[in-house]
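Heads up: the structure comes next, in structure tokens.
On a predicted model such as this, the values are computed, not experimentally measured, just so you know.
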Amino acid sequence: MSDTDSGYLTTHVLDTARGCPAADLCIDLYRLEGERRTRLARLRTNADGRSDAPLLAGAEFRAGCYELIFQAGDYLAASGAPGGFLGDIPIRFTVDAPDEHYHVPLLLSPFGYSTYRGS
């Protein structure tokens, strides 16, 4: 059985201002349980703006509240983007069907961002 035979979590970061994937952007993944916040993973996006493997999969991917912290400010500064407006971008979401694929993309520019549950 592979990790993707059950539910799993992926992400993808696109730099919409430059029209390219956001490569080498640092992301932290946390599980939130009441007041407890546990870091589950730290990774950097690859050349396609993705992780090389699911962020969380199999038995580790269970129902509950999670948070992705995208270190956008560092990425934008390194890319030469103007401003310095954005820093870390937290995206908090709930997994209620851990047998499904959850994809949480980030569309990023120097002065704004958006996200959604992708496929």
Side-chain angles (χ1 to χ4, degrees):
M1 176 188 261
S2 75
D3 284 343
T4 57
D5 287 339
S6 61
Y8 59 104
L9 173 66
T10 59
T11 190
H12 187 195
V13 186
L14 295 172
D15 184 331
T16 58
R18 294 172 51 209
C20 63
D24 201 35
L25 188 146
C26 187
I27 304 170
D28 289 312
L29 170 65
Y30 293 89
R31 179 178 288 123
L32 308 173
E33 297 170 297
E35 296 296 315
R36 198 167 87 215
R37 186 172 184 247
T38 305
R39 188 168 70 186
L40 303 176
R42 171 171 274 180
L43 64 122
R44 289 196 170 271
T45 55
N46 61 23
D48 194 34
R50 301 174 185 273
S51 60
D52 291 326
L55 283 77
L56 202 56
E60 290 296 313
F61 189 57
R62 56 185 197 256
C65 186
Y66 294 86
E67 186 174 59
L68 287 165
I69 306 287
F70 296 86
Q71 294 179 15
D74 293 342
Y75 164 81
L76 290 166
S79 73
F85 176 68
L86 292 174
D88 290 350
I89 297 174
I91 298 175
R92 192 170 286 183
F93 59 97
T94 301
V95 169
D96 57 3
D99 58 331
E100 295 180 5
H101 175 198
Y102 281 70
H103 183 67
V104 182
L106 179 70
L107 305 177
L108 176 64
S109 73
F111 300 105
Y113 64 92
S114 66
T115 190
Y116 56 95
R117 182 175 173 192
S119 58

Write down the atom of S51, the atom of A53, and the distance for their closest heavy-atom approach. OG-O, 2.6 Å
Between Y75 and D15, does a side chain to side chain contact (heavy atoms under 4.5 Å, CB included) hold up when you go through it step by step? CA-CA 10 Å; Y75 164 81; D15 184 331; 2.7 Å; yes
Shared ILVMFWY cluster between L14 and L108, side chains joined below 4.5 angstrom? no
Side chain S109, main chain A17, donor-acceptor under 3.5 Å: no
Could you tell me whether the side chain of P54 reaches within less than 4.5 Å of the side chain of L9, counting heavy atoms only? no
Within the distance-only criterion (no hydrogens, no angle test), does the side chain of T115 pair as donor or acceptor with the backbone N or O of P105 below 3.5 angstrom? yes
Say you draw a straight line from CZ of R92 to CG of L32; how long is it, rounded to the nearest 0.5 Å? 5.0 Å
For S119 and H103, does a side-chain donor sit closer than 3.5 Å to a side-chain acceptor? no
Identify the two heavy atoms, one from L76 and one from P110, that lie closest to each other, and give their separation to 0.1 Å. CD1-CA, 3.9 Å
What is the minimum heavy-atom distance between A41 and L55, and which atoms define it? CB-O, 4.3 Å
Let me see the working for R62 and L56 under side chain to side chain contact (heavy atoms under 4.5 Å, CB included), right down to the final yes or no. CA-CA 9 Å; R62 56 185 197 256; L56 202 56; over 6 Å; no
Side chain to side chain contact (heavy atoms under 4.5 Å, CB included) between Y113 and F70, worked out: CA-CA 11 Å; Y113 64 92; F70 296 86; over 6 Å; no
Which atoms form the tightest heavy-atom contact between Y102 and F61, and what is the distance? CD1-CZ, 3.6 Å
Look at the side chain of N46 and the backbone N and O of D48, then say whether any donor-acceptor pair between them is shorter than 3.5 Å. yes
Quick one: does T11's side chain have a donor or acceptor within less than 3.5 Å of a partner on V104's backbone? yes
Where the side chain of H12 meets the backbone of P21, is there a donor-acceptor pair that is under 3.5 Å apart? no
So, does T94 use its side chain to make a donor-acceptor pair with the main chain of C65 at under 3.5 Å? no
Using the salt bridge (Lys or Arg N to Asp or Glu O under 4.0 Å) definition, which of the options D74, D24, D28, D52 pairs with R44? D24
Angle class for the Y8/H101 ring planes (parallel below 30°, perpendicular above 60°, tilted otherwise)? parallel
Hydrophobic cluster membership, L43 vs L68, 4.5 Å side-chain cutoff: yes
Between R31 and Y66: side-chain donor-acceptor atoms closer than 3.5 Å: yes
When you look at Y116 and L107, which way does the side chain to side chain contact (heavy atoms under 4.5 Å, CB included) test go after all the steps? CA-CA 9 Å; Y116 56 95; L107 305 177; 4.2 Å; yes
Separation between CD1 (I27) and CG (L106), nearest 0.5 Å, reads 8.0 Å
Other residues, nucleotides, ligands: >12 heavy atoms within 6.0 Å of F93 CZ: yes
